[in-house]
Amino acid sequence: MRRLAGAIGFIAALLVLGIALVPGGLLGRGERAQAQDMVVAAPLMQQAAPKPVVQMPPAVADVVRSGVLIVVSKASQRMYVFKDGALWDSSSVSTGKRGHGTPAGVFPILQKKAFHRSNIYSNAPMPYMQRLTWRGIAIHAGRLPGYPASHGCIRLPHSFARALFSLTRADATTVVVTNEPLRSEEGALTLALNTQAPRTGLPGVQMPPRVMVAVASASPELAGPGQTIQLAAAITPAEAEAHWLDLVSAYPELGAFRKSVVPAVVGARRFYRLRATAPGAYAYCASLRRFGQDCFNVS
């Protein structure tokens with residue numbers, strides 16, 4: 001790869017001078033254009049973005065025994081961190097402002113980067129970034145004005161974010177984000193343990209048996225017409241797919257739904273509607289809304 005990069009760099013230098021040589025003479029116009037494309041593409045090949053994958057967070061009960069549990073209350077603007085079941089530390093936070101709310105749910109650590117900049121918001125710095133979703137939600141150091149002010153991320157004081165970054169491991173860390181207020185470490189730990197027990201169902205709620213039976217029996221082959229719900233309207237198909245991965249990670253039972261991405265034109269803009277179909281989907285959608293997740297029934 002280094003030899004290839006060096007060769008491409010040499011060709012690029014010759015192109016700038018206008019005298020790129022090949023056996024038998026100068027590069028023709030078509031060959032020169034192809035070489036320029038190779039020069040442009042080389043950095044992209046070397047810096048390919050990680051491919052989004054579904055990664056389930058470790059069970060809360062497991063990380064309480066051995067690992068790191070992070071509990072974030074949006075209502076209290078507070079984070080509690082437990083190491084092997086004991087309180088490690090707590091901190092104030094700043095979560096997503098109106099229109100950019102931080103999603104509630106149970107999340108893994110998908111990626112860690114000590115020095116990171118936003119791919120979405122003007123290359124904004126995100127020191128000690130710990131990614132929770134592939135759609136841009138992360139824990140990182142940032143400004144804390146005393147109220148929700150981010151574009152969806154969870155901001156921490158710089159020193160706390162640095163220490164937390166050193167503490168966590170992707171395979172032994174679970175992050176629980178709740179809409180409920182928390183006033184103590186005991187309340188945070190109790191809420192987290194209840195959130196992932198049982199493993200199926202929405203965080204913090206037991207689904208009605210008839211809905212859970214319907215969802216459990218639904219598969220891409222067997223779901224049939226069922227009921228269809230809409231979960232997002234994305235700008236690109238890739239964004240819709242990434243949003244689906246985030247949802248399945250937070251709500252595993254959605255993996256039994258039949259997913260579809262439907263293109264639509266509204267005004268002069270094209271959108272891609274993320275939809276899911278299964279028996280009992282309307283009741284499930286209502287539960288999703290109670291936990292702050294965008295969802296509505298499709299007639």
Side-chain angles (χ1 to χ4, degrees), residues 50 53-96 102-116 125-134 136-144 146 148 150 152-199 201-204 246 249-252 291:
V53 295
V54 175
Q55 179 177 325
M56 301 305 299
V60 169
D62 291 344
V63 295
V64 167
R65 284 191 294 269
S66 177
V68 176
L69 170 65
I70 300 172
V71 184
V72 179
S73 167
K74 294 192 289 181
S76 303
Q77 291 292 281
R78 195 79 189 168
M79 172 186 287
Y80 296 87
V81 182
F82 301 87
K83 177 72 169 72
D84 299 337
L87 181 68
W88 175 78
D89 208 346
S90 65
S91 172
S92 57
V93 300
S94 181
T95 57
T102 303
V106 183
F107 304 93
I109 299 294
L110 296 172
Q111 183 187 43
K112 295 175 63 173
K113 290 183 69 177
F115 306 100
H116 182 70
M126 300 169 64
Y128 303 107
M129 185 277 293
Q130 303 193 62
R131 183 185 299 278
L132 303 184
T133 79
W134 291 114
I137 305 300
I139 298 170
H140 64 83
R143 185 176 69 91
L144 275 70
S150 78
C153 286
I154 300 167
R155 296 180 186 168
L156 289 169
H158 193 275
S159 60
F160 193 95
R162 180 177 56 198
L164 183 65
F165 187 90
S166 298
L167 180 73
T168 60
R169 291 200 338 260
D171 62 346
T173 303
T174 297
V175 181
V176 176
V177 181
T178 178
N179 297 317
E180 300 297 321
L182 295 173
R183 296 176 177 81
S184 68
E185 61 187 86
E186 293 83 3
L189 186 57
T190 299
L191 180 141
L193 288 168
N194 289 336
T195 293
Q196 236 181 24
R199 188 68 179 89
L202 290 171
D246 291 341
S249 177
Y251 312 118
F291 283 85

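Numbers here are sequence positions counted from 1. The shown structure was predicted, so the numbers you read here are calculated from the model rather than taken from an experiment. What you see below is based on every heavy atom in this structure, not just the backbone, and it leaves out hydrogens, waters and symmetry mates.
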Ser76 (side chain) donor-acceptor with Pro181 (main chain) under 3.5 angstrom: no
Val64, Asp89, Val71 screened by side-chain contact (heavy atoms from CB on, under 4.5 Å) with Phe82, the one that passes: Val71
For Val63, side-chain contact (heavy atoms from CB on, under 4.5 Å) partners two or more places apart: Pro58, Leu69, Thr174
Spacing of Met79 atom CE and Phe160 atom CZ [to the nearest 0.5 Å]: 6.5 Å
Value rounded to 0.5 Å, distance of NZ in Lys83 from CD1 in Ile70: 12.0 Å
Distance-only side-chain donor-acceptor flag, Thr168 / Gln130, under 3.5 Å: yes
Close aromatic pair by centroid cut-off 6.0 Å: Phe165 and His140: no
Minimum heavy-atom distance Trp88-Leu164, with the two atoms named: CH2-N, 3.9 Å
Distance (rounded to the nearest 0.5 Å) between Thr133 OG1 and Leu110 CG: 7.5 Å
Any donor-acceptor N or O pair under 3.5 Å, side chains Ser91, Arg78: no
Where at least one partner belongs to residues 56-69, residue pairs that pass salt bridge (charged side-chain N to carboxylate O under 4.0 Å, His left out), sequence neighbours excluded: Asp62-Arg65
Donor-acceptor side-chain pairing of Gln77 and Thr95 below 3.5 angstrom: yes
Lys112, Lys113, Arg162 screened by side-chain contact (heavy atoms from CB on, under 4.5 Å) with Tyr128, the one that passes: Arg162
Distance-minimising heavy-atom pair for Cys153 and Ala138: CB-O, 3.2 Å
Ser90 side-chain N/O to Tyr80 backbone N/O, donor-acceptor pair under 3.5 Å: no
Distance, nearest 0.5 Å, that separates CZ of Arg155 from CZ of Arg143: 5.5 Å
